[in-house]
Chemist: 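Mind looking over this structure? Questions follow.
Numbers for residues simply follow the sequence, beginning at 1. All values reported here derive from a predicted model rather than from experimental measurement. Note that ligands are numbered from 1 as they come in the structure, with each ligand's atoms numbered from 1 the same way.
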Amino acid sequence: MTDGKSRPRTADHATGVIVLGAGPAGLVLGNILLDHGIDCVVLERAERAHVETRARAGFLAANTVQILDEHGLAEGLHRRGRMHGTCEFRTGDGRFRLDYSGLGRKELHTVYPQQDLVCDLLTRFLARGGQLRFATEALAVRDADSERPAVAVREADGRPAVWRARYVAGCDGRHGAARRSLPAGTVRHHRDHGVTWLGLLAQAPPSMDAVGYAVHERGFAGHMARTSEVTRYYLQCERGTTADAWAEERIWDELERRMRAREYGPLRRGPILQRSVVDLESDVLEPLRHGALFLAGDAAGLISPSAAKGANLAVLEAALLARALIDALTSRDSAGLDAYSARCLTHIWRAQEFSHWMIGLLHGPSGRDGESLFHNSLRRSRLASLRTSRSQQDWFAEHYVGV
Ligand code: RFL
């Protein structure tokens with residue numbers, strides 16, 4: 001890199017890849033590229049401590065674990081993750097359990113907090129000599145239709161710089177620079193599901209040995225184990241609610257009411273460690289390639305957390321993109337890059353379809369008008385099918401665990 005007083009500093013990775021973002025997508029991609037001797041650098045807007053502590057996903061599908069295994073990235077999750085294969089639905093008609101590991105393709109989830117996976121990926125990337133710049137914000141991707149695309153960045157000291165490479169991988173999430181740099185013709189399919197969740201991380205052991213989905217007239221509530229000491233809960237709330245609007249006692253009382261603790265047992269309470277408000281939204285960008293710029297993970301498509309697919313799609317897309325970039329850079333075989341967008345979109349739309357189905361299963365209108373009553377009766381019937389029909393359960397198992 002060269003310093004200049006009036007012009008931005010420049011850095012050239014002319015034979016390699018600039019990866020934007022050090023989330024699951026960017027770090028899986030970076031690790032695989034590094035293993036194959038590809039010159040790459042990861043640019044990350046946040047400080048390292050922030051990246052390592054950002055709690056989000058926790059349920060990894062069997063296919064995700066297989067990909068991580070194939071690339072030697074799964075040691076931590078095998079050591080500390082836990083296998084999981086049951087969910088419990090609690091409704092006004094009673095409760096039922098779905099042991100999805102015993103159904104369909106007999107696959108399980110591995111419960112492993114996303115921030116632990118990110119720490120493992122980071123540690124490995126840096127230990128192997130990978131280049132990662134924290135506190136370096138990508139501002140825009142330029143010249144994507146050329147063979148030397150550029151990324152304009154603000155470096156950790158606040159100064160501007162320009163990085164060039166052969167390819168740019170936009171793994172910088174939904175608000176990143178890759179999305180902002182797309183040409184006008186890019187299609188964004190977007191849906192706001194009109195539902196808002198208060199996402200909570202509690203310093204408390206799980207209250208049951210299953211993922212809990214409570215369908216209640218006051219709104220949805222969810223329970224998901226993270227570790228033996230930390231549990232994620234969700235509470236459906238009014239659109240516009242702020243994260244700190246609810247006092248802790250009110251949160252626990254409402255969770256217990258919706259999870260029907262009087263009938264099925266109390267929740268194990270503890271201090272709330274983190275809160276966030278999540279408006280359930282989905283979007284998919286099309287295509288996922290613009291010349292030398294490729295999108296992966298949340299940058300490619302956002303999926304509501306109702307079906308726990310986001311991190312799994314991010315890993316899958318990163319692995320597909322890595323393979324295609326390696327072929328292009330080492331054998332001049334660009335077939336994988338040409339097929340990348342269409343291949344990913346098939347997986348993305350399948351996951352979106354299931355996530356959309358889950359949103360419909362877990363939420364209903366609160367009104368007592370004819371349309372609301374009709375919708376809620378359909379939902380009741382859908383839950384009854386899931387409780388009683390083996391073929392419905394097989395379908396659920398296949399889509400719940402797979403990507
Ligand atoms: P990430 O993890 O957002 O990482 C993007 C990285 O890019 C950085 N960045 C930039 N860097 C440089 N320049 C810029 N201009 C930049 N702009 C952003 C960011 O700092 C960040 O480090 O995206 P990635 O890698 O695509 O991974 C996606 C997943 O994080 C996401 O899909 C999941 O967390 C979604 N999700 C879940 N997915 C699951 O598979 N299972 C779950 O159980 C699950 N639970 C969840 C979730 C998401 C949640 N939130 C965020 C709504 C629970 C919650 C509460």
Side-chain angles (χ1 to χ4, degrees), residues 18-30 41-61 63-65 84 109-115 117-118 121-122 132-141 151-156 163 168-181 196-201 211 222 224-226 232-234 243 274-283 295-318 321 344 348 351 354-355 358 400-403:
I18 296 174
V19 179
L20 308 182
L27 289 170
V28 167
L29 176 60
V41 58
V42 180
L43 306 181
E44 166 57 50
R45 181 180 59 188
E47 299 283 355
R48 180 170 182 170
H50 181 71
V51 172
E52 288 183 332
T53 52
R54 199 167 34 198
R56 287 182 168 182
F59 275 66
L60 299 177
N63 182 52
T64 307
V65 175
H84 189 278
H109 278 120
T110 302
V111 183
Y112 192 56
Q114 180 170 320
Q115 68 271 29
L117 176 65
V118 164
L121 295 169
L122 258 180
L132 204 164
R133 299 294 181 102
F134 290 104
T136 301
E137 182 180 11
L139 302 174
V141 181
V151 182
V153 310
R154 181 170 29 238
E155 300 206 316
W163 294 67
V168 177
C171 304
D172 50 349
R174 71 180 297 202
H175 300 298
R179 276 193 170 207
R180 288 199 303 273
S181 307
T196 299
W197 285 0
L198 190 54
L200 305 154
L201 209 58
V211 172
M224 281 142 218
R226 284 293 183 258
R232 188 174 266 299
Y233 287 94
Y234 291 111
Q274 275 185 30
R275 314 157 165 235
S276 56
V277 173
V278 187
D279 291 332
L280 267 53
E281 280 183 89
S282 306
D283 73 6
L295 306 179
D298 280 8
L302 189 69
I303 187 160
S304 89
S306 59
K309 296 282 183 227
N312 293 290
L313 282 171
V315 171
L316 174 67
E317 290 156 24
L321 183 55
C344 287
I348 289 172
F354 182 68
S355 163
M358 281 291 278
Y400 192 51
V401 189
V403 274

Chemist: Using 30° and 60° as the class limits, which term best fits the ring planes of F59 and H84: parallel, tilted or perpendicular?
Modeler: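 Perpendicular.
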Chemist: Considering only heavy atoms, which of R179, E44, R275, R56 lies nearest to atom 6 (C) of ligand 1?
Modeler: E44
Chemist: Identify the closest protein heavy atom to atom 33 (C) of ligand 1: which residue and atom is it, and at what distance?
Modeler: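 It is Q114 OE1, 3.5 Å.
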Chemist: Within the 4.0 Å heavy-atom shell around G58, which atoms of ligand 1 are there?
Modeler: 42 (C), 43 (O)
Chemist: With side chains defined as the heavy atoms from C-beta onward, is the minimum distance between V277 and L198 less than 4.5 Å?
Modeler: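 Sidechains of L198 and V277: in contact.
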Chemist: Atom 50 (N) of ligand 1: protein heavy atom closer than 4.0 Å?
Modeler: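 Answer no: nothing from the protein, no heavy atom, is under 4.0 Å.
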Chemist: Heavy-atom distances under 4.0 Å decide this one: backbone, side chain, both or neither, for Y234 against ligand 1?
Modeler: side chain
Chemist: Which residue holds the protein heavy atom closest to atom 52 (C) of ligand 1, what is that atom called, and what is the gap in Å?
Modeler: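 Closest protein heavy atom to atom 52 (C) of ligand 1: V278 CG1, 3.7 Å.
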Chemist: Quick test: of every protein heavy atom, which one is nearest to atom 15 (N) of ligand 1, and how far off is it to 0.1 Å?
Modeler: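 Result for atom 15 (N) of ligand 1: A138 O, 2.9 Å.
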Chemist: Around atom 18 (C) of ligand 1, find the nearest protein heavy atom and jot down its residue, atom name and distance.
Modeler: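 Nearest protein contact, heavy atoms only, for atom 18 (C) of ligand 1 is D172 O, 3.2 Å.
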Chemist: Kindly indicate whether the side chain of E44, heavy atoms from C-beta on, has any atom under 4.5 Å from the side chain of V51.
Modeler: yes
Chemist: My understanding is that we take every heavy atom of each candidate and find the minimum distance to atom 45 (N) of ligand 1. Doing that for A46, A55, A57, which one comes out nearest?
Modeler: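 Looking at heavy atoms only, the winner is A57.
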Chemist: Give me the residue, atom name and distance of the protein heavy atom closest to atom 40 (O) of ligand 1.
Modeler: A311 N, 2.8 Å
Chemist: Does the side chain of W197 come within less than 4.5 Å of S306's, by heavy atoms?
Modeler: yes
Chemist: What is the nearest protein non-hydrogen atom to atom 25 (O) of ligand 1, stated with its residue, atom name and distance?
Modeler: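 Of every protein heavy atom, A25 N, 2.9 Å lies nearest to atom 25 (O) of ligand 1.
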Chemist: Out of all atoms in ligand 1, which are within 4.0 Å of some heavy atom of F59? Include the element for each.
Modeler: 41 (N), 43 (O)
Chemist: Is it the side chain (CB and beyond), the backbone, both or neither of R54 that lies under 4.0 Å from ligand 1, heavy atoms counted?
Modeler: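 Under 4.0 Å from ligand 1, R54 contributes side-chain atoms alone.
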Chemist: Check each of V151, V42, L295 against L20 using the side chain to side chain contact (heavy atoms under 4.5 Å, CB included) test, and report the only one that passes.
Modeler: V151
Chemist: Taking the minimum heavy-atom distance to atom 27 (O) of ligand 1, which of P24, G297, G23 ranks first?
Modeler: P24
Chemist: Mind checking whether D298 has an N or O less than 3.5 Å away from an N or O of ligand 1?
Modeler: yes
Chemist: E137 heavy atoms, cut-off 4.0 Å: which ligand 1 atoms fall inside?
Modeler: 13 (N), 15 (N)
Chemist: What protein heavy atom sits nearest atom 5 (C) of ligand 1, and how far off is it?
Modeler: C171 O, 3.5 Å
Chemist: Can you check whether G310 has an N/O within less than 3.5 Å of an N/O in ligand 1?
Modeler: yes
Chemist: Look only at interatomic distance and state if A308 has a nitrogen or oxygen under 3.5 Å from any nitrogen or oxygen of ligand 1.
Modeler: yes
Chemist: If we set the cut-off at 4.0 Å for heavy atoms, which region of L60 has an atom near ligand 1: side chain, backbone, both, or neither?
Modeler: neither
Chemist: Please check if the side chain of R226 supplies one atom and the backbone of R56 the other of a donor-acceptor pair under 3.5 Å.
Modeler: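 Yes, the answer is positive, given that a donor and an acceptor are paired below the 3.5 Å cut-off.
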Chemist: Specify side chain, backbone, both or neither for L43, according to which of its non-hydrogen atoms lie closer than 4.0 Å to ligand 1.
Modeler: backbone
Chemist: Are any of the N/O atoms on N312, whether in the backbone or the side chain, positioned under 3.5 angstrom from an N/O atom of ligand 1?
Modeler: yes
Chemist: Give the residue and atom name of whichever protein heavy atom lies nearest to atom 12 (C) of ligand 1, and the separation in Å to one decimal.
Modeler: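 That would be R45 N, 3.3 Å.
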